[in-house]
Structures are given as structure tokens and as C-alpha cells.
Novice: 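One structure follows; several queries about it will come next.
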Amino acid sequence: MLPAVLKVVCLFLGVAAALAQSTATTPPTLTVSTAIPTATAPAGATLPSQVALPPKQAWCPSEIFCAGSLLQTVNLAHLFPDDKTFADKPTNKPSQQVLADFQKISSSNVTFDQIVSFVEQDFSGEGLELEALALPNFNPNPAFLNNVTNSLVRAWTQTVHGFWTQLIRGTNDSILCSGGSNCESSLIPLNHTFVVPGGRFREQYYWDSFWIVEGLLESELFDIANDTLQNFMDELDSFGFIPNGGRIYYLDRSQPPLFIQMLFRYVNVTGDRSILTRALPLAEKELKWWHDNRSLNVTSPFTNRTHLVYHYNVNNSAPRPESYLTDYLTANGPDVSPSLNDTQKADLYAELATGAESGWDYTRRWFTDGDNDGSLRNLGVRSLIGVDLNSILYRDHVALADLYGSSNGSQVKAHRDAASALRTAVLDLLWDGDKLAFYDFNLATNQRKSFFSVVNFYPLWSGIIPDVLLSDANAAFGHFASLNLVMNRYNGTFPTTFVDTGLQWDAPNTWAPHQYIVLQALRALPSNITSGALPTTGSGNSTYSLIPAGQLALAENQLPQQPKLNPADGNFTSTGPGADANALNGTVFNGGNATDGEGWGQILQRELANRYITSAFCSWRATGGSIPGVSPRLSDPELNVTQSVNNTGNMFEKFSAFDLDSAGRGGEYTVQAGFGWTNGVVLWIASNYGQQLNAPQCPSLLVAAGSSTSSARGPNTIPIFWTMTIMAFVVALL
Ligand SMILES: *[C@@H]1O[C@H](CO)[C@@H](O)[C@H](O)[C@H]1NC(C)=O
Ligand SMILES: *[C@@H]1O[C@H](CO)[C@@H](O)[C@H](O)[C@H]1NC(C)=O
Ligand SMILES: *[C@@H]1O[C@H](CO)[C@@H](O)[C@H](O)[C@H]1NC(C)=O
Ligand SMILES: *[C@@H]1O[C@H](CO)[C@@H](O)[C@H](O)[C@H]1NC(C)=O
Ligand SMILES: *[C@@H]1O[C@H](CO)[C@@H](O)[C@H](O)[C@H]1NC(C)=O
Ligand SMILES: *[C@@H]1O[C@H](CO)[C@@H](O)[C@H](O)[C@H]1NC(C)=O
Ligand SMILES: *[C@@H]1O[C@H](CO)[C@@H](O)[C@H](O)[C@H]1NC(C)=O
Ligand SMILES: *[C@@H]1O[C@H](CO)[C@@H](O)[C@H](O)[C@H]1NC(C)=O
Ligand SMILES: *[C@@H]1O[C@H](CO)[C@@H](O)[C@H](O)[C@H]1NC(C)=O
Ligand SMILES: *[C@@H]1O[C@H](CO)[C@@H](O)[C@H](O)[C@H]1NC(C)=O
Ligand SMILES: *[C@@H]1O[C@H](CO)[C@@H](O)[C@H](O)[C@H]1NC(C)=O
Ligand SMILES: *[C@@H]1O[C@H](CO)[C@@H](O)[C@H](O)[C@H]1NC(C)=O
């Protein structure tokens, strides 16, 4: 029966694409999406045996959606490629009935078929409790577009501005399971409208929302920015902190604490200070939560001074419900030898949840020093004092002090003092003045780590600038020399790290939020420091030679190599001038036009801004994006390379530093399309760098595909509007 259904889905793909096209600027009306079990097993096959249940998690009491017998058993059947699908399905019966139905099948050896029919009969479509909403105040021509000179870039950023209409959600009260109703759901209902990131991320998310709000403010959707903040304030009221996302299974953890930054930007752009009456006490509440739950005192091995600093640290001893099988296998899989005892499993589950709280799930950055087997069993997130978290909290204290203005002198002083102490701590523990870079501090070894990543740029964004970077232009360039290397050596934007592990927060993946942070870090330096010429390499050397010794902790030939367009042609060289694949006369490829009198700080900003727009535009175009009369649709043979013949263009959650046409890869889940923070950063860059953006030069998909197959290059994802449209048809047909 399943294959027949899938054929029907294929028949309707063309219609779905046409509908998606027509909804580009009007609100989508479909909200139902229902994944169909895709796993197969012989009729009557029983589930694999399972290990003992993890301890009950006090923070997550649901018998259905939190760690427990039902969730573990259903996950072992692996009905859906993504574990989150089941956790997001509301029941269609009262909880007691669902639990009784489960009891019936689980009392004997449960079969795969029994789980399939249990899930089909007792649960409805994932995300059914959310509904797409219209945007009544949508202005198709926000003022920032006037800042964009190039007509293609302007038309495309206007298209991206239109994507908000696809990502606006509200709680669907008619489906909502609440008090005495006849269903149960994992959703945390929100009373105000919000923007979802997209794809599997069908709720409001915490740190994503900062870049979404930046975009909403450019799009002049001030009411939606206000609504976003109101939801976070409701959560602070209800829970005392802001959870990772709007589901009960996120109630053990937060995410990078950017609420105060969103508030600050909202007040700064709108001038609406009336929000502060409610917001200031709740901002205090959030900072108190971080202080009470995530701070510790560390005595510096460098100065013997003791500092109050912060780490991510989640109290959790079970697989994450939305990634249950993944975490279960990490701890109990056939490759785990010797097997872990209960204490080790509990520790591992805490590390996995903590990695998720950091936003970077997962990365080599979190691996323990010394012996480790390169698996997620070797995470040491909780013992790191992270550069990003401490920079964000510094900036939170500064911003909150500013928001009080003259209204509350003692609070202003308290926050300035807290900020000042954090600044001292960051400069003592995390700044390496020889390498001119910031690194995480490892409590397990009582040393600063040597692992370099894009977090290097957070302190300058936050306003923590080491004195030497304000007095010595060479040192300041040294701090950014890795960006110069990326612009010259790679085709895309700044990767999260320079090691390729297959994890999604490592090379070659690059993420929108980080490009924003790098640009803001450059903007934080005064012009008397950044106005000099861009340093050049000596003959025989590449841009690697301009990086302070030891900063990357990688020899030049250990860096990932830039591949050539046709894989059959191999790579650019690993060292020397030939490794700088993109160095051209005076600027870099897809880096905009050099102008007279530009200093190195402006050059690097122009190049990165152009690269980001190029990555997002080319990936969208390579997956079927077009604008009539401005950017023609690629041919079917080209779109076939990305399996996008029936698609209308995706905005991806992440990109590749190597390939402007393809989204990033790797990680916990399939690459997601949508996508809130990607769109937000496009709009912010268009507004701030609009006069310097050139028409992107996208690589040829056919050359890139070469003569071989190209299955690895596809978007690997069904975009959100397809899912909704296709599934609505399937539901109708069933
Ligand atoms: C359940 O399965 C186990 C192992 O496959 C078997 O030994 C046992 O007899 C089965 N129990 C029932 C009630 O079928
Ligand atoms: C346009 O750019 C100018 C500076 O180039 C900036 O001051 C202004 O805020 C931008 N306008 C918008 C609407 O973003
Ligand atoms: C922001 O939202 C709140 C809650 O809905 C509302 O009371 C307030 O008037 C809104 N502010 C503005 C400026 O629209
Ligand atoms: C939403 O509004 C309802 C009714 O006013 C209230 O009971 C509930 O607590 C609110 N939800 C949140 C998360 O604040
Ligand atoms: C916005 O922020 C800038 C810089 O932080 C400041 O100069 C300006 O006065 C602020 N505007 C408002 C309305 O708060
Ligand atoms: C850190 O030290 C301060 C001052 O001694 C103390 O008040 C605070 O409770 C300590 N915090 C933690 C998390 O140990
Ligand atoms: C820190 O204190 C220890 C013990 O008092 C001392 O041996 C060491 O030299 C001090 N280190 C620094 C950097 O002051
Ligand atoms: C679990 O294993 C660790 C590492 O071998 C060991 O230190 C610990 O004592 C064990 N705990 C229990 C409860 O067996
Ligand atoms: C740049 O200007 C600042 C004041 O705005 C000054 O403190 C600093 O010393 C200057 N740096 C250089 C290298 O001239
Ligand atoms: C190349 O760079 C290295 C430093 O990385 C330097 O020692 C060497 O002199 C440079 N060679 C030339 C030819 O500039
Ligand atoms: C080419 O570069 C890619 C990406 O950096 C790398 O995975 C691959 O090993 C390189 N191939 C060779 C032959 O060096
Ligand atoms: C990367 O850019 C270089 C220079 O612009 C080009 O020669 C190369 O083919 C590109 N590689 C890919 C994978 O696009």
C-alpha cells in the first residue's frame, strides 16, 4: 500500500510546486503535514530488544512525549527518518486512552505492525496545533530596498522579504489540547504570533529569533517583532527562563541568551519604550536564571584572580525526546564497547542536551582533550567556559543598563559592574595575546584550549575589545587574518571551524548567524585602526602566512582544501599561492568591487557581505528559484543535478564554504529549508551593505556535476511548503 501512496505523491508534485509558486507573497493556507511511516520490516516482526528505561525526568512529566516506555518503544520501531516527527504528533484521544492502548500491545512482545497501527490510530499530524497566519501589515516595498543598488540583488532581497509570509505561525486554538480536552500534545502554546525557522523546526526557537528579529525590523514588521518578544516574556513568566523552543521536551534547557539583544534592537529601531515596563523585570529574571543555574567561579591559572563566568550545563539523564533514537544509539548502539554503565549514560545524555543548549549540536569544539574516539560519546561541553556565551552575557548586561537609561540608577550600576567583571574574566581566561585570538577555557585541564573556531569573533561583536587591537593596526588585522584567508581560499563564507568531521557545526558548513557576528566584529573597530591597506603576502606564500603563528593550531596543509568545480579536476593546492583559489587583482571572486581608499576593515566586510548574498542566492537558484524577467529559472537538466526540477527555490539553514550552489551537509538531521535566520541575515546585509553588493556569479551546476552522478549534491530535503501541500493532498486522498 505504501508504494501506491508514494506514486500518488509524485503525481502531485507538479501541482504542489505550482501552488508554492503562487503563494510567494500571500499567506499559505495549508497547515497539515503528516509523515507516513517509511521504515519497513517483515510482517509480524518484533521490535529489537531494548535496554532498561532511563530515569524519569522530573522536568518532563508527560507519559507520552517524555522519556519513558511509550517513547522508547515507538522510537525503536524507527517509523520516521526524523525522531522529532513522532514527538510533535498530538494524540487524537485522551491521554489515558492512548496509554491504555499502548499497554495492550506492550504487555507482550510488540511487533512493528502493532506500533505502526498504534501511531496511526492514536496520533494525528505533526504540527497540527500550529497554523499559518496572514500578515495584514505586510509592506512589499520596505525602505531598506532603496539601499540596494544592483537590480538583481534588489529584486531577490525583495523576494526573500516576501518569504516571511510563509513562516508566520500562531497556535491553532481549535486543535489545541488543553485543560480537560480530549488530546495531548508536546506544544507549548503561545498567545502571540511568531516566525518559525522552517522545516522540522515548526515552533518558535530561542536563538534563531535574534536574527529573525533583525530581519523583521528591516522588513518593517514591527508588530511581529513585538509579538516574538511578548511570547518570550510569557515564557519567562511561566517558566522563569526561555526554553530552547516551544515544546515541553525543551524545558530542561535554554539557548544562547539573546532575548535582551532582541529587545534592545526592537527598542532602538522602533523607539517603542512602552514595552520596557513589562520587559525590564523579565530581563532581570532571565539573567538571574543564567546566574543561578549556569555560572561558576573559576580561578585563573594566568593571574590567580577568581572570576564568575558561565557555561552551558543541562540537567538531564535521558535521551532527548526529539532525538530519542539518535541519543539512545549513541549511548547503547552496537558500536559502544565496552558498554556504558548508568552513570556514564546519564553523563552522556547531559552532554548531548548541553550541546543542544549551546546551539552547536555538534562540533569538534566540544570534544574532550586527549584520548577520544571522535564520537559524540566524547563531548565535554559542560566543562568549557565558552567564548560565545560569556560574550553574549556581557553584552546583555551592557544593553540592559542602557535600556534602564536614567530610570534606575542602582540597576544601571549593578549591570555595568557585572559587565565589567565579565569583561575582565573574558580577557583573562579566554584571550590569547600571542595568538591574537579568543579560545574556550577548559575546566577539566584548567587551561585555555587551542581549538580555533568562529567564536573568536564574538567578543568584538559584544564590545569586549582587547587594548592591543585598539592601538596596533597590525594586531587588529591579525585577529581577522583567518577571514582574509577564507575570502581568498574558499568560495563561500566563514566556516564554523577548520576541521571536517561530518558534524554540522564543523567545516565545510557555514551558518548565517556567524557571518553576522564576523561583520559586526569588524564594525566594532574604529576606523583609525582599519583604514590601512590590506596586508599582502610575500611571493611564494599564501594568505595563511599572514595569520599569527599558532592561531589556527593547524598547519597550512591541514586546512580543508578548496575543491575545483568539476570533481574530476581535483582540488586547489594545499599550500602556497595556488591555495588561494580566489585571489584576483585587488579583490576576491564574488567579493564585490574594490574602490579607492577602502581600508582593510571595509574590504573584508564588502567581501564577506557579497559572499553571503552569493551563497544564499546561488543555493536558492540551484534549487529552482527564479524571478520572472530578472532571474530566469535554470534548465531542467541543471535542476536535475539538485533533484529540484519541481522545486521553486530553497533558503537553507546552512551553507557550504566550498560550493556556492549547495547547502551545508552533515549533522543530526537533514538540511532544513525555510529558513528564518538565513533570511534575516540576507535582509540585514542588504540594508547595511546594499550599495556594495554585486550580482552573484553562480558556478555551473552541469560542470560541477561532471560526468559522474551527483546524488550527494541534492538539497536532501523537502521544503516546508512542499511538505504541507503534498501532505494535504495525501491526507485528502486517504
Ligand atoms: C518474547 O520474545 C522472546 C525473545 O525473542 C521470547 O523468548 C519470548 O518467548 C517471547 N514472549 C512471548 C510472550 O511471545
Ligand atoms: C541605508 O543605508 C544607510 C547608510 O548607507 C543607513 O544609514 C540606513 O539606515 C539604511 N537604510 C535602511 C532603511 O536600512
Ligand atoms: C506589543 O504587543 C503587546 C501585547 O500584544 C501590546 O499590548 C502592545 O500594544 C504592542 N506594542 C505595540 C507598539 O504595538
Ligand atoms: C496565554 O493566555 C492565557 C489566557 O489569558 C493565559 O492563561 C496563559 O497563561 C497565556 N500563556 C502564556 C504562555 O503566558
Ligand atoms: C540606537 O542605538 C544607537 C547606537 O547604539 C544610538 O546612538 C541611538 O541613539 C539609538 N536610538 C534609539 C532610538 O534608541
Ligand atoms: C562565586 O563566588 C561569589 C563570591 O564569593 C559567591 O557569592 C558565589 O555564590 C559564587 N558562585 C558560585 C556559582 O559558586
Ligand atoms: C598563583 O598562586 C600560586 C600559589 O600562591 C603561586 O605559586 C603562583 O605563582 C601564582 N601565579 C600567578 C600567575 O600569580
Ligand atoms: C561507571 O564506570 C565508570 C568508569 O569506568 C566508573 O568510574 C564508575 O564507578 C562506574 N559507576 C558505576 C555506578 O558502576
Ligand atoms: C584610534 O583612535 C582612538 C580614539 O578614538 C585612540 O584611542 C587610539 O589610540 C587610536 N589608535 C591609533 C592606532 O591611532
Ligand atoms: C612566508 O611566510 C613565512 C611565515 O609564515 C615567512 O617566514 C616567510 O619569510 C615568507 N616567505 C616569503 C617569501 O615571503
Ligand atoms: C579535496 O578537498 C576536499 C575538501 O577539502 C577533501 O575532503 C579531499 O580529501 C581533497 N582531496 C584531495 C585529493 O586532497
Ligand atoms: C571555486 O572557485 C574557484 C575560483 O573562482 C573555481 O575555479 C572553482 O571551480 C570553484 N569550485 C567550486 C566547487 O565551485
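Predicted model only: the values in this text are computed from it and were never measured. Remember, it's 1-based here, ligands and their atoms both numbered in the order they're listed.
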Novice: Asp659 versus ligand 12: do any nitrogen or oxygen atoms come within less than 3.5 Å of each other?
Specialist: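 For ligand 12, there is no N or O atom that lies under 3.5 Å from one belonging to Asp659.
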
Novice: Of all heavy-atom pairs between Leu400 and Glu284, which one has the smallest distance, and what is that distance?
Specialist: CD2-OE2, 4.0 Å

Novice: Non-hydrogen atoms of Asp272 versus ligand 3: any pair closer than 4.0 Å?
Specialist: yes

Novice: Check each atom of ligand 6 against the heavy atoms of Leu296 and keep those under 4.0 Å away; list them by number with element.
Specialist: 13 (C)

Novice: Please check this pair: side chain of Gln515 against backbone of Phe494, looking for a donor-acceptor N/O pair closer than 3.5 Å.
Specialist: yes

Novice: Would atom 5 (O) of ligand 3 count as contacted, meaning some protein heavy atom under 4.0 Å?
Specialist: yes

Novice: At what distance is the nearest protein heavy atom to atom 13 (C) of ligand 6, and which residue and atom is it?
Specialist: Ser295 O, 3.5 Å

Novice: For His192, counting its heavy atoms only, list the atoms of ligand 3 lying under 4.0 Å from any of them.
Specialist: 4 (C), 5 (O)

Novice: Which residue and atom name correspond to the protein heavy atom nearest atom 14 (O) of ligand 6, and how close is it?
Specialist: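 Among all protein heavy atoms, the one nearest atom 14 (O) of ligand 6 is Asn297 ND2, 3.1 Å.
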
Novice: With heavy-atom distances below 4.0 Å as the criterion, list the atoms of ligand 12 near Pro563.
Specialist: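 Once the distances to Pro563 are compared, the set is 11 (N), 12 (C), 13 (C).
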
Novice: Between ligand 3 and Asn226, is the shortest N or O to N or O distance under 3.5 Å?
Specialist: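 Between Asn226 and ligand 3 (N or O atoms, distance only) the closest approach is under 3.5 Å.
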
Novice: Taking only heavy atoms of Asn582 into account, list the atoms of ligand 12 that are under 4.0 Å away from them.
Specialist: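 Listed by number with element: 2 (O), 3 (C), 4 (C), 5 (O).
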
Novice: Is atom 2 (O) of ligand 6 less than 4.0 angstrom from at least one protein heavy atom?
Specialist: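 So far as the 4.0 Å threshold goes, atom 2 (O) of ligand 6 is in reach of a protein heavy atom.
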
Novice: Could you check whether Phe222 and Tyr266 have their ring centres less than 6.0 Å apart?
Specialist: no

Novice: Between Phe572 and ligand 12, which residue portion shows a heavy-atom distance shorter than 4.0 Å: side chain, backbone, both, or neither?
Specialist: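 Phe572 to ligand 12: side-chain contact only, backbone stays beyond 4.0 Å.
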
Novice: Applying the side-chain hydrogen bond (donor to acceptor under 3.5 Å, both in side chains) test to Thr543, which of Asn488, Asp580, Asn484, Thr537 qualifies?
Specialist: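 In the set Asn488, Asp580, Asn484, Thr537, the residue that makes a side-chain hydrogen bond (donor to acceptor under 3.5 Å, both in side chains) with Thr543 is Asp580.
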
Novice: Do the rings of Tyr404 and His415 sit parallel, tilted or perpendicular, given the 30° and 60° boundaries?
Specialist: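 Parallel, since the angle between the ring planes stays under 30°.
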
Novice: For the backbone of Ala444 and the side chain of Asn442, can you confirm whether one donor and one acceptor N or O come within less than 3.5 Å of each other?
Specialist: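 Pair found, side chain donor or acceptor close to backbone of Ala444.
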
Novice: Under 4.0 Å from atom 9 (O) of ligand 3, do we find at least one protein heavy atom?
Specialist: no

Novice: Quick check on contacts: which atoms of ligand 12 are under 4.0 angstrom from a heavy atom of Phe589?
Specialist: 5 (O)

Novice: Is it possible for you to check whether Lys564 lies under 6.0 Å from the centre of the six-membered ring of Phe572, through NZ or CZ, and within 45° of that ring's axis?
Specialist: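 Pair Lys564/Phe572 counts as cation-pi.
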
Novice: Pairs of nitrogen or oxygen atoms closer than 3.5 Å, one from Ala581 and one from ligand 12: do any exist?
Specialist: no

Novice: Of the backbone atoms (N, CA, C, O) and the side-chain heavy atoms from C-beta on, which set of Asn491 has a member under 4.0 Å from an atom of ligand 12: side chain, backbone, both, or neither?
Specialist: side chain

Novice: Tell me whether Arg278 at atom CZ has more than 12 heavy atoms from other residues, nucleotides or ligands lying less than 6.0 Å away.
Specialist: yes

Novice: With a 4.5 Å cut-off on side-chain heavy atoms, are Arg395 and Ile260 touching?
Specialist: no

Novice: Using the six-membered ring wherever Trp is involved, compare the ring planes of Trp289 and Phe241 and label them parallel, tilted or perpendicular (cut-offs 30° and 60°).
Specialist: parallel

Novice: Short N/O distance, under 3.5 Å, between Pro699 and ligand 12?
Specialist: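 Checking ligand 12 against Pro699, no N or O pair falls under 3.5 Å apart.
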
Novice: In terms of atom number and element, which parts of ligand 12 are under 4.0 angstrom from non-hydrogen atoms of Gln562?
Specialist: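 Those atoms are 1 (C), 11 (N), 12 (C), 13 (C).
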
Novice: Please check: side-chain N/O of Arg448 versus main-chain N/O of Leu429, any donor-acceptor pairing under 3.5 Å?
Specialist: yes

